[in-house]
Amino acid sequence: MPELPEVEVVRRGLERWVAHRTVAEAEVLHPRAVRRHVAGADDFTHRLKGHRVGVPSRRGKYLWLPLEDTPQAILAHLGMSGQLLVQPQGAPDEKHLRIRVRFTDASPPASPAPGPAPAEGAPVAADATELRFVDQRTFGGLSLHDTTPDGLPDVIAHIARDPLDPLFDDEAFHQALRRKRSTIKRALLDQSLISGVGNIYADEALWRSRLHYDRPTAGFTRPRTLELLGHVRDVMNAALAVGGTSFDSLYVNVNGESGYFDRSLDAYGREGLPCGRCGTPMRRRPWMNRSSYFCPKCQRPPRVSS
DNA sequence: CTTCGATCCTGGTAGC
DNA sequence: TGCTACCAGGATCGAA
């Protein structure tokens, strides 16, 4: 369940290992992984071939690799279980390998290869690596899109800036909340309002803010909105500081190492465990076909709650 | 127009 | 043991 910090960790890995390399060949092993590329798998592979990858960018949970000297980019979304791995060529295929991209050139010099060291007596060129998209549940995928003049893939123009973006507009976000007839957790997960927040960090930020997930947004005061945004940024920065998070064992960062931190979360997944502030057992409630975790004492439900 | 719920997918696990 | 049911959940789409 990669959210913004995990995706940013992947982006950094791609910048390190894939930027400025030229695509030799792409191979689609599962058509569903390119379903957002409407022209199909063959078109996807043909159009990648021979292009040089630029510096990866990210907005919210989306990341993309610009193709240099073209107005196009490879857009990636990891969905729930997607991984982008940089693996030595010849490493065994992962069980859920969906897309493979080989390059004509090596990684930048002076770079130790990711992954396990080559077996003794069978040396592998240190930078003979390829990019792999691995995804058990195939909610994620890759696709090629035209970019807008500011470099954004056109299909994600509706995705809002994320809270770590210097151009994120706190005041505009607050006014949007006030206009909504919605509740705060729904709003936090609405990628057209604020991007990059998923179920885990939403629960964490709400716990820190002592806000119940069903609280209506219309009555939010500016200080309350700003405090919440502060906590959203804090939980994301904390996760970034330890190299991304989530405890779903499916998630592995771009170098093939586990990106999950051991730090216990304060809310998510803590049903029945004591609240870190007041000791009250935390609760889990079914919510939008998933779960919300909260402290029933610190995070009181609104009066008019379903 | 906004809001909201169903749906996609697969592997792990709980329960019988 | 072997089966079923359920759970994880981001984004999209269509219904209300």
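Numbered from 1 within each chain, the chains take letters A, B, ... in sequence-line order.
In this structure, the CZ atom of A:Arg186 is 13 Å from the P atom of C:dG10, given to the nearest Å. Distance A:Leu75 CG to C:dG10 C1': 14 Å, rounded to the nearest Å. Nucleotide C:dG10 holds its P atom 15 Å from the CZ atom of A:Arg35, rounded to whole Å. Residue A:Arg181 contributes atom CZ, which lies 11 Å from atom P of B:dC4 at whole-angstrom precision. At whole-Å resolution of the value, CG in A:Leu189 and C1' in C:dT12 are 15 Å apart. Taking atom CG of A:Leu177 as the reference point, atom P of B:dT2 lies 15 Å away to the nearest angstrom. With rounding to whole Å, A:Leu63 atom CG is found 16 Å from C:dG10 atom P. Going from atom NZ of A:Lys61 over to atom C1' of C:dA11 covers 9 Å, rounded to whole Å.
A:Lys180 has no side-chain polar atom (N or O) that falls below the 4.0 Å cut-off from OP1 or OP2 of B:dT2. Regarding contacts with the backbone of C:dG10, every side-chain N or O of A:His77 stays at 4.0 angstrom or more from both OP1 and OP2. In this structure, A:Ser291 reaches the C:dA8 phosphate: one of its side-chain N or O atoms is under 4.0 Å from OP1 or OP2. Between A:His158 and the phosphate of C:dT12, there is a side-chain N or O to OP1/OP2 separation shorter than 4.0 Å.
If you check the side chains of A:Ser209 and A:Arg215, you find no donor sitting under 3.5 Å from an acceptor.
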What is the per-nucleotide protein-contact pattern of nucleotides 6-13 of chain B, from the 5' end, where B denotes a base atom under 4.0 Å from a protein heavy atom, S denotes such proximity for sugar-phosphate atoms only, and - denotes neither?
BBBBBS--
Derivation of the side-chain hydrogen bond (donor to acceptor under 3.5 Å, both in side chains) call for A:Gln87 and A:Glu94
CA-CA 10 Å; A:Gln87 294 280 47; A:Glu94 291 75 10; 2.7 Å; yes
Step-by-step side-chain hydrogen bond (donor to acceptor under 3.5 Å, both in side chains) determination, A:Thr70 to A:Arg47
CA-CA 11 Å; A:Thr70 82; A:Arg47 293 172 77 161; over 6 Å; no
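Each of A:Arg58, A:Arg233, A:Arg59, A:Lys61 was checked for a salt bridge (Lys or Arg N to Asp or Glu O under 4.0 Å) with A:Asp162, and the lone residue meeting it is A:Arg58.
A salt bridge links A:Glu8 with A:Arg11; the closest basic N to acidic carboxylate O contact falls under 4.0 Å. Using a 4.0 Å cut-off between a side-chain N of Lys or Arg and a carboxylate O of Asp or Glu, A:Asp169 and A:Arg161 do not qualify as a salt bridge. The pair A:Glu130-A:Arg102 meets the salt-bridge criterion, with a side-chain N (NZ, NE, NH1 or NH2) lying under 4.0 Å from an Asp/Glu carboxylate O.
Using a 4.0 Å heavy-atom distance criterion, A:Arg179 is classed as making no nucleic acid contact.
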